J.: 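Here you go, one structure.
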Amino acid sequence: MTRNSLFLFFILVVVGAGLCSAQTTDKKFYYLVDGLFFDGMPPGISTDKASAVIDHQDGEGHEATELRLRKGVVLSEEAKKYATPAEEVPGAEALLMSMRGELGKKMPVAALATMKPNEWLEKPFPDFKVTDTEGKVWTNADVAGRPMVLNFWYIGCAPCIREMPELNKWMELFPNVTYWATTFNTAEQIKKIVENRPFLFTQIADEMFFFNTFKVSGMPVTILVDKKGIIRCIEDGTSNAKLRYLQDKLKELSAE
(Lines give C-alpha, C1' and ligand atoms only; values in the text may rest on other atoms or scores of the structure.)
Protein backbone atom coordinates (compact mmCIF):
# COMPACT_ATOMS: atom_id res chain seq x y z
CA MET A 1 0.00 0.00 0.00
CA THR A 2 1.07 3.60 -0.57
CA ARG A 3 1.42 6.01 2.34
CA ASN A 4 -1.93 7.61 1.45
CA SER A 5 -3.59 4.22 1.28
CA LEU A 6 -2.24 3.24 4.69
CA PHE A 7 -3.53 6.49 6.18
CA LEU A 8 -6.98 5.94 4.66
CA PHE A 9 -6.96 2.36 5.92
CA PHE A 10 -6.33 3.61 9.47
CA ILE A 11 -9.14 6.17 9.19
CA LEU A 12 -11.53 3.50 7.87
CA VAL A 13 -10.86 1.16 10.76
CA VAL A 14 -10.94 3.73 13.56
CA VAL A 15 -13.73 6.01 12.38
CA GLY A 16 -15.78 3.37 10.59
CA ALA A 17 -15.91 1.26 13.73
CA GLY A 18 -17.28 4.23 15.64
CA LEU A 19 -19.92 4.95 13.04
CA CYS A 20 -21.09 1.37 12.99
CA SER A 21 -21.14 0.75 16.74
CA ALA A 22 -23.92 3.29 17.14
CA GLN A 23 -26.16 1.34 14.77
CA THR A 24 -25.98 -2.21 16.09
CA THR A 25 -29.24 -2.19 18.04
CA ASP A 26 -32.37 -3.84 16.62
CA LYS A 27 -34.49 -0.94 17.87
CA LYS A 28 -35.82 1.21 15.03
CA PHE A 29 -33.96 4.49 14.79
CA TYR A 30 -36.08 7.35 13.48
CA TYR A 31 -34.90 10.60 11.95
CA LEU A 32 -37.02 13.75 11.70
CA VAL A 33 -36.41 15.93 8.66
CA ASP A 34 -38.75 18.78 7.70
CA GLY A 35 -41.37 17.35 10.06
CA LEU A 36 -41.29 13.91 8.44
CA PHE A 37 -40.20 10.66 10.10
CA PHE A 38 -37.80 8.26 8.40
CA ASP A 39 -36.85 4.74 9.47
CA GLY A 40 -33.12 5.49 9.31
CA MET A 41 -31.39 8.24 7.35
CA PRO A 42 -33.50 9.58 4.43
CA PRO A 43 -32.34 8.97 0.85
CA GLY A 44 -29.84 11.57 -0.31
CA ILE A 45 -29.21 12.88 3.22
CA SER A 46 -26.24 12.41 5.57
CA THR A 47 -25.22 14.17 8.77
CA ASP A 48 -22.71 16.39 6.97
CA LYS A 49 -25.70 18.06 5.28
CA ALA A 50 -27.16 19.12 8.64
CA SER A 51 -26.57 22.44 10.38
CA ALA A 52 -28.00 21.03 13.62
CA VAL A 53 -28.69 17.57 15.05
CA ILE A 54 -31.27 17.48 17.84
CA ASP A 55 -32.38 14.54 19.97
CA HIS A 56 -36.09 14.46 20.89
CA GLN A 57 -37.60 12.13 23.52
CA ASP A 58 -41.16 11.61 24.76
CA GLY A 59 -40.36 10.39 28.27
CA GLU A 60 -41.73 6.94 27.44
CA GLY A 61 -38.59 5.53 25.87
CA HIS A 62 -39.28 6.75 22.34
CA GLU A 63 -36.94 9.11 20.55
CA ALA A 64 -36.11 10.60 17.17
CA THR A 65 -33.15 12.57 15.88
CA GLU A 66 -34.03 15.78 14.07
CA LEU A 67 -31.74 16.92 11.26
CA ARG A 68 -31.98 20.61 10.40
CA LEU A 69 -30.57 20.86 6.91
CA ARG A 70 -27.92 23.35 5.91
CA LYS A 71 -28.90 26.35 3.83
CA GLY A 72 -29.33 25.28 0.23
CA VAL A 73 -29.85 21.59 1.12
CA VAL A 74 -33.38 20.44 0.31
CA LEU A 75 -35.17 17.18 1.09
CA SER A 76 -36.35 16.13 -2.36
CA GLU A 77 -39.96 15.29 -3.15
CA GLU A 78 -38.74 11.86 -4.22
CA ALA A 79 -37.10 11.27 -0.83
CA LYS A 80 -40.30 12.31 0.96
CA LYS A 81 -42.06 9.31 -0.60
CA TYR A 82 -39.99 7.06 1.69
CA ALA A 83 -41.09 8.75 4.92
CA THR A 84 -42.75 6.63 7.60
CA PRO A 85 -46.33 7.77 8.40
CA ALA A 86 -46.47 9.43 11.83
CA GLU A 87 -49.18 7.03 12.97
CA GLU A 88 -46.67 4.17 12.60
CA VAL A 89 -44.04 5.86 14.79
CA PRO A 90 -44.28 5.21 18.56
CA GLY A 91 -44.58 8.50 20.44
CA ALA A 92 -44.83 10.51 17.23
CA GLU A 93 -47.17 13.20 18.56
CA ALA A 94 -44.97 13.99 21.56
CA LEU A 95 -41.82 13.91 19.42
CA LEU A 96 -43.34 16.37 16.94
CA MET A 97 -44.40 18.65 19.83
CA SER A 98 -40.83 18.56 21.13
CA MET A 99 -39.55 19.50 17.67
CA ARG A 100 -42.03 22.37 17.22
CA GLY A 101 -41.33 23.67 20.71
CA GLU A 102 -37.55 23.30 20.23
CA LEU A 103 -37.38 21.22 23.41
CA GLY A 104 -34.84 18.67 22.22
CA LYS A 105 -31.19 18.32 23.14
CA LYS A 106 -28.76 19.74 20.61
CA MET A 107 -26.05 17.27 19.63
CA PRO A 108 -22.63 17.93 18.03
CA VAL A 109 -22.71 17.75 14.25
CA ALA A 110 -20.41 15.02 12.97
CA ALA A 111 -17.30 16.54 11.43
CA LEU A 112 -16.61 13.48 9.30
CA ALA A 113 -17.84 13.50 5.72
CA THR A 114 -17.09 10.62 3.42
CA MET A 115 -17.25 10.89 -0.34
CA LYS A 116 -18.96 13.86 -2.00
CA PRO A 117 -21.73 12.36 -4.17
CA ASN A 118 -22.38 15.54 -6.14
CA GLU A 119 -18.85 15.38 -7.53
CA TRP A 120 -19.64 11.99 -9.11
CA LEU A 121 -23.33 11.94 -10.00
CA GLU A 122 -24.07 11.86 -13.74
CA LYS A 123 -20.39 11.39 -14.53
CA PRO A 124 -18.70 8.34 -16.09
CA PHE A 125 -17.56 5.59 -13.76
CA PRO A 126 -13.74 5.80 -13.60
CA ASP A 127 -11.46 3.43 -15.51
CA PHE A 128 -10.45 0.47 -13.38
CA LYS A 129 -8.74 -2.89 -13.30
CA VAL A 130 -9.44 -5.01 -10.21
CA THR A 131 -9.34 -8.71 -9.31
CA ASP A 132 -12.13 -10.53 -7.46
CA THR A 133 -11.67 -13.23 -4.81
CA GLU A 134 -11.99 -15.95 -7.47
CA GLY A 135 -9.06 -14.52 -9.40
CA LYS A 136 -11.03 -12.94 -12.25
CA VAL A 137 -9.70 -9.61 -13.51
CA TRP A 138 -12.37 -6.98 -14.20
CA THR A 139 -12.19 -3.81 -16.31
CA ASN A 140 -14.76 -1.35 -17.65
CA ALA A 141 -15.16 -3.50 -20.76
CA ASP A 142 -16.48 -6.41 -18.66
CA VAL A 143 -19.46 -4.42 -17.39
CA ALA A 144 -20.27 -2.39 -20.50
CA GLY A 145 -23.94 -2.48 -21.45
CA ARG A 146 -25.14 -3.63 -18.01
CA PRO A 147 -26.19 -1.68 -14.93
CA MET A 148 -23.81 -2.10 -12.00
CA VAL A 149 -24.02 -1.98 -8.21
CA LEU A 150 -20.89 -1.29 -6.15
CA ASN A 151 -21.23 -1.73 -2.38
CA PHE A 152 -18.48 -0.73 0.12
CA TRP A 153 -18.26 -2.70 3.37
CA TYR A 154 -15.93 -4.24 5.95
CA ILE A 155 -16.19 -7.00 8.55
CA GLY A 156 -16.49 -4.69 11.57
CA CYS A 157 -19.46 -2.77 10.17
CA ALA A 158 -22.71 -4.09 11.69
CA PRO A 159 -25.00 -2.03 9.38
CA CYS A 160 -23.08 -3.38 6.37
CA ILE A 161 -23.68 -6.94 7.50
CA ARG A 162 -27.29 -6.28 8.44
CA GLU A 163 -28.19 -5.01 4.96
CA MET A 164 -26.68 -7.99 3.11
CA PRO A 165 -29.87 -10.11 2.90
CA GLU A 166 -31.71 -7.16 1.34
CA LEU A 167 -28.91 -6.60 -1.17
CA ASN A 168 -28.98 -10.30 -2.07
CA LYS A 169 -32.67 -9.97 -2.99
CA TRP A 170 -31.77 -7.47 -5.71
CA MET A 171 -29.88 -10.21 -7.54
CA GLU A 172 -33.11 -12.20 -7.91
CA LEU A 173 -35.20 -9.17 -8.83
CA PHE A 174 -32.73 -7.73 -11.35
CA PRO A 175 -30.54 -10.54 -12.74
CA ASN A 176 -29.28 -8.40 -15.65
CA VAL A 177 -27.16 -6.28 -13.28
CA THR A 178 -23.49 -6.70 -12.28
CA TYR A 179 -23.15 -6.81 -8.49
CA TRP A 180 -19.86 -6.02 -6.74
CA ALA A 181 -18.85 -5.54 -3.13
CA THR A 182 -15.47 -4.10 -2.23
CA THR A 183 -13.63 -4.18 1.09
CA PHE A 184 -10.15 -3.51 2.40
CA ASN A 185 -10.34 -6.79 4.37
CA THR A 186 -8.61 -9.84 2.91
CA ALA A 187 -10.43 -12.72 1.22
CA GLU A 188 -9.61 -14.90 4.21
CA GLN A 189 -11.00 -12.35 6.66
CA ILE A 190 -14.35 -12.01 4.84
CA LYS A 191 -14.74 -15.71 4.04
CA LYS A 192 -16.89 -16.63 7.06
CA ILE A 193 -19.34 -13.73 6.63
CA VAL A 194 -19.59 -14.09 2.85
CA GLU A 195 -20.33 -17.82 3.10
CA ASN A 196 -22.49 -17.91 6.23
CA ARG A 197 -24.48 -14.67 6.10
CA PRO A 198 -24.27 -15.04 3.05
CA PHE A 199 -23.25 -12.14 0.83
CA LEU A 200 -23.70 -13.13 -2.81
CA PHE A 201 -22.14 -10.14 -4.57
CA THR A 202 -18.85 -10.66 -6.41
CA GLN A 203 -16.23 -9.71 -3.82
CA ILE A 204 -13.31 -7.35 -4.52
CA ALA A 205 -11.24 -7.88 -1.36
CA ASP A 206 -7.95 -6.49 -0.05
CA GLU A 207 -8.25 -3.68 -2.58
CA MET A 208 -8.04 0.09 -1.99
CA PHE A 209 -8.59 1.33 -5.55
CA PHE A 210 -12.29 2.17 -5.23
CA PHE A 211 -11.86 3.50 -1.67
CA ASN A 212 -9.11 5.89 -2.77
CA THR A 213 -10.88 6.89 -5.98
CA PHE A 214 -14.19 7.78 -4.32
CA LYS A 215 -12.62 8.84 -0.98
CA VAL A 216 -14.88 6.52 1.01
CA SER A 217 -14.19 6.58 4.76
CA GLY A 218 -17.51 5.48 6.27
CA MET A 219 -19.62 2.49 5.35
CA PRO A 220 -21.75 1.17 3.90
CA VAL A 221 -21.80 3.16 0.67
CA THR A 222 -23.69 1.97 -2.42
CA ILE A 223 -23.21 3.27 -5.96
CA LEU A 224 -25.55 2.56 -8.90
CA VAL A 225 -24.24 2.84 -12.46
CA ASP A 226 -26.36 2.69 -15.62
CA LYS A 227 -25.80 0.68 -18.80
CA LYS A 228 -23.80 3.52 -20.34
CA GLY A 229 -21.37 3.58 -17.42
CA ILE A 230 -22.78 6.76 -15.89
CA ILE A 231 -23.04 7.04 -12.09
CA ARG A 232 -26.71 7.61 -11.37
CA CYS A 233 -27.10 7.18 -7.64
CA ILE A 234 -24.90 7.20 -4.52
CA GLU A 235 -26.12 6.47 -0.99
CA ASP A 236 -23.91 6.97 2.05
CA GLY A 237 -25.07 4.77 4.93
CA THR A 238 -28.03 2.42 5.09
CA SER A 239 -31.61 2.41 6.37
CA ASN A 240 -34.92 0.88 5.34
CA ALA A 241 -35.79 4.09 3.50
CA LYS A 242 -32.45 4.17 1.67
CA LEU A 243 -32.68 0.49 0.67
CA ARG A 244 -36.21 0.94 -0.69
CA TYR A 245 -35.05 4.01 -2.61
CA LEU A 246 -32.03 2.19 -4.04
CA GLN A 247 -34.16 -0.77 -5.10
CA ASP A 248 -36.58 1.54 -6.93
CA LYS A 249 -33.66 3.28 -8.66
CA LEU A 250 -32.13 -0.05 -9.64
CA LYS A 251 -35.46 -1.14 -11.08
CA GLU A 252 -35.44 1.97 -13.29
CA LEU A 253 -31.87 1.35 -14.44
CA SER A 254 -32.60 -2.30 -15.16
CA ALA A 255 -35.57 -1.36 -17.35
CA GLU A 256 -33.77 1.34 -19.38
Side-chain angles (χ1 to χ4, degrees), residues 15-119 121 157-160 162-163 166 217-222 224 232-249 251-252:
V15 178
L19 290 173
C20 291
S21 64
Q23 305 178 59
T24 56
T25 177
D26 289 332
K27 179 182 176 182
K28 284 196 174 182
F29 192 89
Y30 290 101
Y31 283 89
L32 256 174
V33 182
D34 291 352
L36 297 174
F37 288 99
F38 291 86
D39 182 0
M41 193 74 72
I45 299 298
S46 53
T47 52
D48 61 294
K49 294 183 179 180
S51 61
V53 179
I54 303 166
D55 181 58
H56 296 282
Q57 301 185 21
D58 69 347
E60 306 258 338
H62 307 124
E63 62 182 311
T65 297
E66 178 190 359
L67 298 182
R68 294 185 183 174
L69 301 180
R70 294 183 183 278
K71 185 177 181 179
V73 178
V74 178
L75 183 67
S76 70
E77 292 301 315
E78 189 170 24
K80 291 177 183 179
K81 295 189 300 184
Y82 298 90
T84 300
E87 54 268 24
E88 296 179 14
V89 178
E93 186 175 346
L95 295 170
L96 287 170
M97 288 180 63
S98 176
M99 180 196 75
R100 292 167 185 144
E102 299 191 355
L103 303 176
K105 179 181 179 182
K106 205 164 190 177
M107 309 293 286
V109 178
L112 174 72
T114 59
M115 66 186 304
K116 297 180 179 179
N118 290 339
E119 294 183 359
L121 287 173
C157 175
C160 301
R162 188 164 58 242
E163 74 173 359
E166 199 63 35
S217 59
M219 286 162 275
V221 167
T222 302
L224 305 186
R232 297 282 291 277
C233 184
I234 298 172
E235 281 298 334
D236 180 5
T238 187
S239 67
N240 287 341
K242 283 179 180 282
L243 288 170
R244 286 163 47 212
Y245 173 76
L246 283 165
Q247 181 173 311
D248 287 346
K249 283 297 181 185
K251 182 178 180 179
E252 293 176 11

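The structure displayed is predicted, hence computed values, not measured ones. All values below come from the heavy atoms of this structure, side chains included, with hydrogens, waters and symmetry mates left out.
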J.: Closest approach of Ala52 and Lys106, non-hydrogen atoms and distance?
T.: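 Where Ala52 meets Lys106 most closely, the heavy atoms are CB-CE, 3.8 Å.
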J.: side-chain contact (heavy atoms from CB on, under 4.5 Å), that's the test. Do Lys242 and Met41 meet it? Break it down for me.
T.: CA-CA 7 Å; Lys242 283 179 180 282; Met41 193 74 72; 3.4 Å; yes
J.: Taking Leu36's backbone N and O only, do any of them form a donor-acceptor pair with Asp34's side chain (distance below 3.5 Å, no angle check)?
T.: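 No, the answer is negative, given that no donor and acceptor are paired below the 3.5 Å cut-off.
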J.: Mind running side-chain contact (heavy atoms from CB on, under 4.5 Å) on Val53 and Thr65 for me, showing each step along the way?
T.: CA-CA 7 Å; Val53 179; Thr65 297; 3.4 Å; yes
J.: What residues, two or more places apart in sequence or in another chain, satisfy side chain to side chain donor-acceptor pair (under 3.5 Å) together with Glu252?
T.: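 Applying side chain to side chain donor-acceptor pair (under 3.5 Å) to Glu252 gives none.
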J.: Just list the side-chain donor-acceptor pairs under 3.5 Å for residues 80-90, sequence neighbours left out, or say none.
T.:
from: Lys80; atom 1: NZ; to: Glu77; atom 2: OE2; distance (Å): 3.0
from: Tyr82; atom 1: OH; to: Asp248; atom 2: OD2; distance (Å): 2.4

J.: Taking all non-hydrogen atoms of both residues, which atom of Leu69 and which atom of Leu75 are closest, and how far apart?
T.: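 Distance-wise, the nearest heavy atoms are CD1-N, 3.8 Å.
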J.: Given Leu95 and Phe37, is the side-chain contact (heavy atoms from CB on, under 4.5 Å) satisfied, shown in steps?
T.: CA-CA 10 Å; Leu95 295 170; Phe37 288 99; 4.1 Å; yes
J.: List the atom of Gly35, the atom of Leu96, and the distance in Å for their closest heavy-atom pair.
T.: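 Reported closest heavy-atom pair: O-CD2, 3.9 Å.
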J.: Would you please say whether a donor-acceptor pair under 3.5 Å links the side chains of Glu163 and Thr238?
T.: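 Indeed, the side chains of Glu163 and Thr238 share at least one donor-acceptor pair under 3.5 Å.
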J.: Are any non-hydrogen side-chain atoms of Pro43 and Glu235 less than 4.5 angstrom apart?
T.: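 Touching, per the 4.5 Å side-chain cut-off.
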J.: List the atom of Ala94, the atom of Asp58, and the distance in Å for their closest heavy-atom pair.
T.: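 That would be CB-CB, 3.6 Å.
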J.: For the pair His56 and Ile54, evaluate side-chain contact (heavy atoms from CB on, under 4.5 Å) and give the outcome as yes or no after the intermediate values.
T.: CA-CA 6 Å; His56 296 282; Ile54 303 166; 3.5 Å; yes
